[in-house]
Enquirer: 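Below: one structure in structure tokens.
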Amino acid sequence: METTERRRLFATEKVGGRAVYRLQAATVAAGILLVLYYRATRVPAAGEGRVAWLGMAAAELWYAVYWVITQSVRWCPVRRRTFKDRLAERYEQNLPGVDIFVCTADPHAEPPSIVISTVLSVMAYNYPSEKISVYLSDDGGSILTFYALWEASMFAKKWLPFCRRYNIEPRSPAAYFSELEGHHNLCSPKEWSFIKSLYEEMRERIDSAVMSGKIPEEIKLKHKGFDEWNSEMTSKNHQPIVQVLIDGKSQNAVDDDGNVLPTLVYMAREKRPQYHHNFKAGALNALIRVSSLISDSPVILNVDCDMYSNNSDSVRDALCFFLDEEMSHKIGFVQYPQNYNNMTKNNIYGNSLNVINHVEMRGLDSAGGCLYVGTGCFHRREILCGKKFSKDYKEDWSRGIKNRQENINETEEKAKSLATCTYELRTQWGDEIGVKYGCPVEDVITGLAIHCRGWESVYLKPQRTAFVGLAPATLAQTILQHKRWSEGNHTIFLSKYCTFLFGHGKISLQLQMGYCIYGLWAANSLPTIYYVMIPALGLVKGTPLFPEIMSPWATPFIYVFCVKTLYSLYEALLSGDTLKGWWNGQRMWMVKRITSYLYGFIDTIRKLLGLSNMSFEITAKVILCGLIVVTNIPIYEAMFLRKDKGRIPLPVTLASIGFVIAYVELIDRSAMETMTAERRRRPLFTTEELGGRAVYRLQAATVAAGILLVLYYRATRVPAAGEGRAAWLGMTAAELWYAVYWVIAQSVRWRPVRRRTFRDRLAERYEQNLPGVDIFVCTADPNSEPPSLVISTILSVMAYNYPSEKISVYLSDDGGSILTFYALWEASIFAKKWLPFCKRYNIEPRSPAAYFSESKVHHNLCIPKEWALIKNLYEEMRERIDTAIMSGKIPEEMKLKHKGFDEWNSHFTLKNHQPIVQILIDGKSRNAIDDDRNVLPTLVYVAREKRPLYHHNFKAGALNALIRVSSVISDSPIILNVDCDMYSNNSDSIRDALCFFLDEEMGQKIGFVQYPQIFNNITRNDIYGNSFNVSYHVEMCGLDSVGGCLYIGTGCFHRREILCGRTFSKDYKENWNRGIKERGKENINGIEEKAKSLVTCTYEHRTQWGNDIGVKYGCTVEDIITGLAIHCRGWESAYINPKRAAFLGVAPSTLAQTILQHKRWSEGNLTIFLSKYCSFLFGHGKIKLQLQMGYCICGLWAANSLPTLYYVMIPSLGLVKGTPVFPQITSPWAIPFIHVFCMTTIYGLHEALLSGDTLKGWWNGQRMWMVKRITSYLYAFIDTIRKLLGMSKMSFEVTAKVSDHDEAKRHEQEILEFGSSSPEYVIIATVALLNFVCLVGGLSQIMAGVWNMPWNVFLPQAILCGMIVVINMPIYEAIFLRKDKGRIPTTVTLASIGFVMLALLVPLV
């Protein structure tokens, strides 16, 4: 058993895809060498463009050098993961203090209202407040900034407890209250509105003061700090100011909940005209000294004033590195990425830095040190004070000023002496101590110095962004910012701090090269400006500068350009950019190189020659108003300053002022009226079209043309009899089928949409009148679907962020098991503690199994003792349930605790028992309350009657029984059904769904709202292809655009009325208030008896249940056919895939389970297609053709089996038998085949990567695509045909949700699981072995010249066969190499070899 002390506080993982990257890097390097060789050996004669040619050679040589440098950070990038639960276990009582530095310089460029939002966000960290000290350095020395900070110190007393009570994110009030999806659903609307109004009033006071430039006199009396400002003080000439606004050591420094407040300090260091102030670096050094007197914490965080904290756990994440027992002694600083919240969707100015943050910084991290980027960085105090790394050094994490002996005024005066202009004279500050001086990018040079002193750094990019700020919002600001960055970095490169000189022998070569990527930004300007001008001039002047396109020498040029471009696109898409965003980035890459970097390069050279002095510009954060004011300066002059006759007359000025006052008054009055009306009109959801459709349609058009050419070729080149005609016609039929299926698949890609909801608007309009929701959960077998898993799902849906009295949860147990009933009874008891715990701390997810098993546990949000208590209660309950399952018995003393146990007797069997309905929690009862005295949701157990003589219609029958039972208990207008293993992962899912149903304009059309079926046990690279990412990110969005995504049987909210057969009518109005509010005189036993009568075997006889009413019968995929019927009755549906997954479940974790599940799905869908419910027949004239085609994508899964089986065997057999079935590779007719294959493959890869798959995951998906088609779909096709011929009856298999330990381990390691002698495995092994034999045999015969045909005749078949062999590598391992129990059994291998031999004997005619 691993001890707590040995468990690491963080993990380091290598980023995948390196083999592919290194392959492309090697080929690009070879291409570059060929380009340079061509340039060197083909220099034109004098007068024929030699100078231009040599310039091109020099530019390309530079690009080659720079490309090599950039590869240093791509060779072996890593990602970091922290374990905050382990940190809390070991250090919760001994966490170190943290000093947080925020720097601002100009209240007009960096508005104080933005600055204080950043300050408030870092004050509100999920960290002991007494250990946080926040320092604001105001280099503008502005009384306006001090006033804003004083206002913030008052507001913090209410803001901090509000943040922690409801665990809100982000904790910047400006960001929190401006988000579209407000969070006030987490707390009472009154409290939310109260805090928001306090914040807006404060912001208005601050903005008014900034606009007027004055602080009200009565405010100045409220704090002694205002006395520091006098009439002689200017921003560049003033005394030092240090004011402790909140003294965290004082007993009076408490918030409204009585908790300690963080220390809050304002500092404006002394400024005098004769002394250089060293910009931001000087401010940070002053803060280091001042903080050493006030708090002296061992950890320092510095953030820019516009980079608010977006993740309240960032401090704890950083401490996982500093406090790790094994590696922490090496780590000097922890850097978070610099992210922005005002980026446009497609990043018009290329400011997102996504590739830098996702790729380059991780690559630097693997070499021992990511860059210090000047914000979002946690340092050890000692390294900023010049400490060199030593193995013997031990950090004193308990350091810091705990109790202050002197009074606060004395401390302030002493601190002022450390912030004077003369303090640093003749000291090492700015050189060996503190942040480095002499460069506008003080951060980079300081980080380099720290690395060269022996320290390492780490880079952490958590799932929730740690810091978010403002990027430049105009082209001018972008150019200015990048000019400053490139100039500063180039200055470093050309100084003694050049990494190759300063870092030689101190840091790795890889890290030296990594620093130079940014140091050489400016130097890229000249080659770029040459490359974008000279070839264009050569074109117009007739001077060729590249090899002609038909020359072999054009190949390396084209190859290097294409591969670099494609890899850059791949990196951008993986890093989160859109396709258009990447394109905009390419434009800005050029713009910045010919502007920012060019000016940065020129100014650096001028500076080195002594022609200019270094300057520092603040990138403006305020845009529109300032521009308008500047534009109108001549008007202001004409109104107030000018005395000539051309000025604006006084009557005009007075009239204008009058109009302004009247206009403002009118606007204020009408604004309130308009706001109220607009709130009523504002939609509760929005629909947005997905981008990239033009590119998609272009590739679809070219693929369609290619398909037509392929079919034309097949039809006009049929061989003679005996020369492979049958094989050829079979290939033609297969390709014709693929063409038809491809057309059907495009129906959902033409115009996909995404939905976004506004829960804040829902709450504003309907919070007091929300409808009731009935939630149905179905289980069938306590062995395949363990009751402990089922009750976790039940508890997760009981704990929704929704009024509990309006939630009713029903469990249908088709296994009729006393064990499942016992588990549900245990859950009803545990719910009294679990539900208040969830809502008190707003935890996610609310499934206890998922919550307590996550590696990043959430107990930091609450009291550790309470967290441990709830966890212990859950584990004890789960142990009791699992013990009962193992023994198959319920303890007798338990049976006495609820009357429901009496339903089971010795005559009771799974398939022969009476109906059971037991209300375990009656939400209408006054006694149904949790430990916080809040109402509990209703909880009902249902086991419908089972008799051997009656068909029970599987899950569809269970759902229909629940519809009827719920109608007499709660009768809510909304019904949610979830699978028993699909727990709720998002407590706001009900509210999101209601945004569609309750929308005043569009809601009346919507019959159901479908969430995606997402799994939480998928391996990183999705070994069994079960994630359905492309289906959920592309296909379902495409179906949604044509009026109806599919109903997939789980995670779906329905109107009750549509499940009861209602047809859509424009006149129909839903009664959202329906439902049984009070029970009346009828007691609970009477209701249970009435409900039992609704779930008997005979109740549905001679009724429309299963036909026109309820869920459809007669099909194993009852969900699809039910959804189709709803659409055909005129209803539409909506699909929503929120950022936080709504439901998470368990996917099959073995190959056998995957094949079984897909066999059932594909068989059910094909049954629908071949029945009267075929969407082309049943939906004709009722739903759009596009939607009809969309339904057929799944309906024709099984039909794909035969063409696929043919395609993976016949071309390979043709290779070994000398029968060509494709055009030879040098023929023009090969082009459409190659084009269709490449374009569909590349676009499939593009869709997969955009949908969240990894590159290896996509490759695994291709393998599983083939495996499922030749096994699951093949068996489904055969069984469907047998069923239609009356040879077999429909059956229903429950996919197991459990697997043994060895299987689970292999699943985690992404090793395919075989193990048994299944016929499906024989097919898989046969196809794999056949292709291997055909490839080896075919190539041998081609090289031996057996067929007397040129090699290019069989090359396409060899490539296809080779690809099948490569994709089947894990199959060969399972046959020949593996020794574990999951290998392919010998019997399967022998059978496969026999079938391969038989296949080789079959002639191709």
Side-chain angles (χ1 to χ4, degrees), residues 736-753 956 1005-1010 1012-1013 1028 1030-1032 1034-1050 1052 1054 1058-1059 1061-1064 1106-1135 1158 1160-1203 1273 1276-1277 1279-1281 1283-1284 1290:
L736 180 60
W737 170 258
Y738 286 143
V740 171
Y741 192 75
W742 178 84
V743 171
I744 290 172
Q746 303 319 296
S747 64
V748 297
R749 287 168 168 79
W750 203 251
R751 195 174 64 88
V753 297
K1005 301 178 182 179
I1006 295 172
F1008 64 88
V1009 177
Q1010 179 67 62
Q1013 189 173 7
F1028 297 107
V1030 172
S1031 292
Y1032 293 140
V1034 179
E1035 294 178 354
M1036 289 289 272
C1037 294
L1039 285 165
D1040 198 10
S1041 69
V1042 291
C1045 64
L1046 307 186
Y1047 165 38
I1048 60 176
T1050 184
C1052 188
H1054 288 91
I1058 66 163
L1059 288 177
R1062 179 171 290 278
T1063 300
F1064 173 71
N1107 188 14
D1108 290 332
I1109 302 175
V1111 182
K1112 295 277 186 183
Y1113 293 160
C1115 182
T1116 52
V1117 284
E1118 71 291 325
D1119 37 27
I1120 302 291
I1121 199 170
T1122 301
L1124 175 60
I1126 291 169
H1127 287 139
C1128 290
R1129 291 203 299 269
W1131 296 96
E1132 293 183 2
S1133 58
Y1135 172 72
H1158 280 268
R1160 180 165 60 84
W1161 286 347
S1162 56
E1163 182 179 346
N1165 281 303
L1166 186 61
T1167 300
I1168 295 172
F1169 183 80
L1170 297 177
S1171 72
K1172 67 177 182 179
Y1173 291 110
C1174 172
S1175 56
F1176 289 125
L1177 303 175
F1178 190 65
H1180 181 67
K1182 302 173 186 174
I1183 57 176
K1184 295 178 182 178
L1185 177 61
Q1186 236 177 317
L1187 185 53
Q1188 295 172 33
M1189 294 168 72
Y1191 268 100
C1192 288
I1193 293 174
C1194 304
L1196 293 172
W1197 272 353
N1200 277 307
S1201 56
L1202 297 181
Y1273 299 171
F1277 183 81
D1279 280 4
T1280 303
I1281 300 302
K1283 195 192 309 168
L1284 290 174
M1290 183 178 69

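The first residue in the sequence is number 1, and the count goes up from there.
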Enquirer: Using only atom types and a distance under 3.5 Å, with no angle test, would you say the side chain of Tyr1135 pairs donor to acceptor with the backbone of Tyr1032?
Expert: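 Indeed, once roles are kept as given, a pair shorter than 3.5 Å links the two residues.
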
Enquirer: Considering non-hydrogen atoms only, spot the tightest contact between Val748 and Gly1190 and give its length.
Expert: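 It is CG1-CA, 4.0 Å.
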
Enquirer: Please report the C-alpha distance between Ile1120 and Leu1046 in whole Å, then the side-chain angles of each, then the deciding distance to 0.1 Å, and finally whether the side chain to side chain contact (heavy atoms under 4.5 Å, CB included) criterion is met.
Expert: CA-CA 6 Å; Ile1120 302 291; Leu1046 307 186; 3.9 Å; yes

Enquirer: Determine whether the aromatic ring centres of Phe1008 and His1127 lie less than 6.0 Å apart.
Expert: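 For Phe1008 and His1127, the ring centres are under 6.0 Å apart.
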
Enquirer: Of the non-hydrogen atoms in Gly1164 and Cys1115, which two are nearest, and what is the gap between them?
Expert: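 Looking at all heavy atoms of both residues, the shortest contact is O-SG, 3.4 Å.
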
Enquirer: If we ignore hydrogens and angles and just use 3.5 Å, is the side chain of Lys1112 paired with the main-chain N or O of Gly1106 as donor and acceptor?
Expert: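 No: the side chain of Lys1112 does not pair with the backbone of Gly1106.
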
Enquirer: For residues Thr1167 and Tyr1173, determine if any side-chain heavy atom of one lies less than 4.5 Å from a side-chain heavy atom of the other.
Expert: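 Contact flag for Thr1167/Tyr1173 side chains = no.
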
Enquirer: How long is the span from the CD1 atom in Ile1121 to the CD1 atom in Ile1126, to the nearest 0.5 Å?
Expert: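 Here the interatomic distance stands at 11.5 Å.
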
Enquirer: For residues Arg751 and Gln1186, determine if any side-chain heavy atom of one lies less than 4.5 Å from a side-chain heavy atom of the other.
Expert: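 With C-beta onward as the side chain, the pair stays apart.
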
Enquirer: Within the side chain of Ser1133, is there an N or O that forms a donor-acceptor pair under 3.5 Å with the backbone of Gly1007?
Expert: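 Judged by distance alone, no pair lies under 3.5 Å.
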
Enquirer: Would you say the side-chain atoms of Glu1163 pair up with the backbone N or O of Tyr1273, donor to acceptor, closer than 3.5 Å?
Expert: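 Side chain of Glu1163 to backbone of Tyr1273, a donor-acceptor pair under 3.5 Å: no, none is there.
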
Enquirer: Which heavy-atom pair separates Gln1010 from Cys1045 by the least distance, and what is that distance?
Expert: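 So the minimum-distance heavy-atom pair works out to CB-SG, 3.7 Å.
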
Enquirer: Apply side chain to side chain contact (heavy atoms under 4.5 Å, CB included) to Lys1172 and Leu1177, showing your working.
Expert: CA-CA 7 Å; Lys1172 67 177 182 179; Leu1177 303 175; over 6 Å; no

Enquirer: Quick one: pull up CD1 in Ile744 and SG in Cys1194 and give me the separation to the nearest 0.5 Å.
Expert: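 Reported value, rounded in 0.5 Å steps: 11.5 Å.
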
Enquirer: Taking Trp1197 for its side chain and His1158 for its backbone only, find out whether a donor-acceptor pair lies under 3.5 Å.
Expert: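 Here the side-chain-to-backbone pair does not exist.
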
Enquirer: Looking only at heavy atoms, which two atoms of Phe1176 and Leu1185 are closest? And how far apart?
Expert: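 Scanning both residues completely, I find the closest heavy atoms to be CE2-CD1, 4.1 Å.
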
Enquirer: Short question: side chain of Tyr741, backbone of Ile1193 - any donor-acceptor pair under 3.5 Å?
Expert: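 It does hold such a pair.
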
Enquirer: Between CG of Leu1196 and CE of Met1189, what distance do you get to the nearest 0.5 Å?
Expert: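 Atom-to-atom, Leu1196:CG and Met1189:CE are 10.5 Å apart.
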
Enquirer: Hey, could you give me the CG/CH2 distance between Leu1202 and Trp737, rounded to the nearest 0.5 Å?
Expert: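 With rounding to 0.5 Å, CG (Leu1202) is 9.5 Å from CH2 (Trp737).
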
Enquirer: Grab the two heavy atoms, one from Asp1119 and one from Tyr1047, that are nearest each other, plus how far apart they are.
Expert: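 So the two residues come closest at O-CD2, 3.1 Å.
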
Enquirer: Between Pro1203 and Asn1200, which heavy-atom pair has the shortest distance, and what is it?
Expert: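 Taking Pro1203 first and Asn1200 second, the nearest heavy atoms are CD-O, 3.4 Å.
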
Enquirer: Tell me if the aromatic rings of Trp1161 and Phe1028 count as close, with their centers under 6.0 Å from one another.
Expert: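 Ring-ring flag for Trp1161/Phe1028: true, centres closer than 6.0 Å.
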
Enquirer: Look only at the side chain of Arg1129 and the backbone of Arg1062, and say whether a donor-acceptor pair between them is shorter than 3.5 Å.
Expert: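 Yes, because the side chain of Arg1129 sits within donor-acceptor range (under 3.5 Å) of the backbone of Arg1062.
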
Enquirer: Quick one, Ile1183 with Gln1188, criterion side chain to side chain contact (heavy atoms under 4.5 Å, CB included). Give me CA distance, side-chain angles, the key distance, then yes/no.
Expert: CA-CA 7 Å; Ile1183 57 176; Gln1188 295 172 33; 3.7 Å; yes

Enquirer: Please check this pair: side chain of Tyr1191 against backbone of Leu1124, looking for a donor-acceptor N/O pair closer than 3.5 Å.
Expert: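 Such a contact is found between Tyr1191 side chain and Leu1124 backbone.
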
Enquirer: What is the distance from atom OG of Ser1171 to atom CG of Leu1284, rounded to the nearest 0.5 Å?
Expert: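 The CG atom of Leu1284 is 9.0 Å from OG of Ser1171, to the nearest 0.5 Å.
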
Enquirer: Please round to the nearest 0.5 Å and tell me the distance separating atom CG of Asp1040 and atom CD of Glu1035.
Expert: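 The CG atom of Asp1040 sits 13.5 Å away from the CD atom of Glu1035.
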
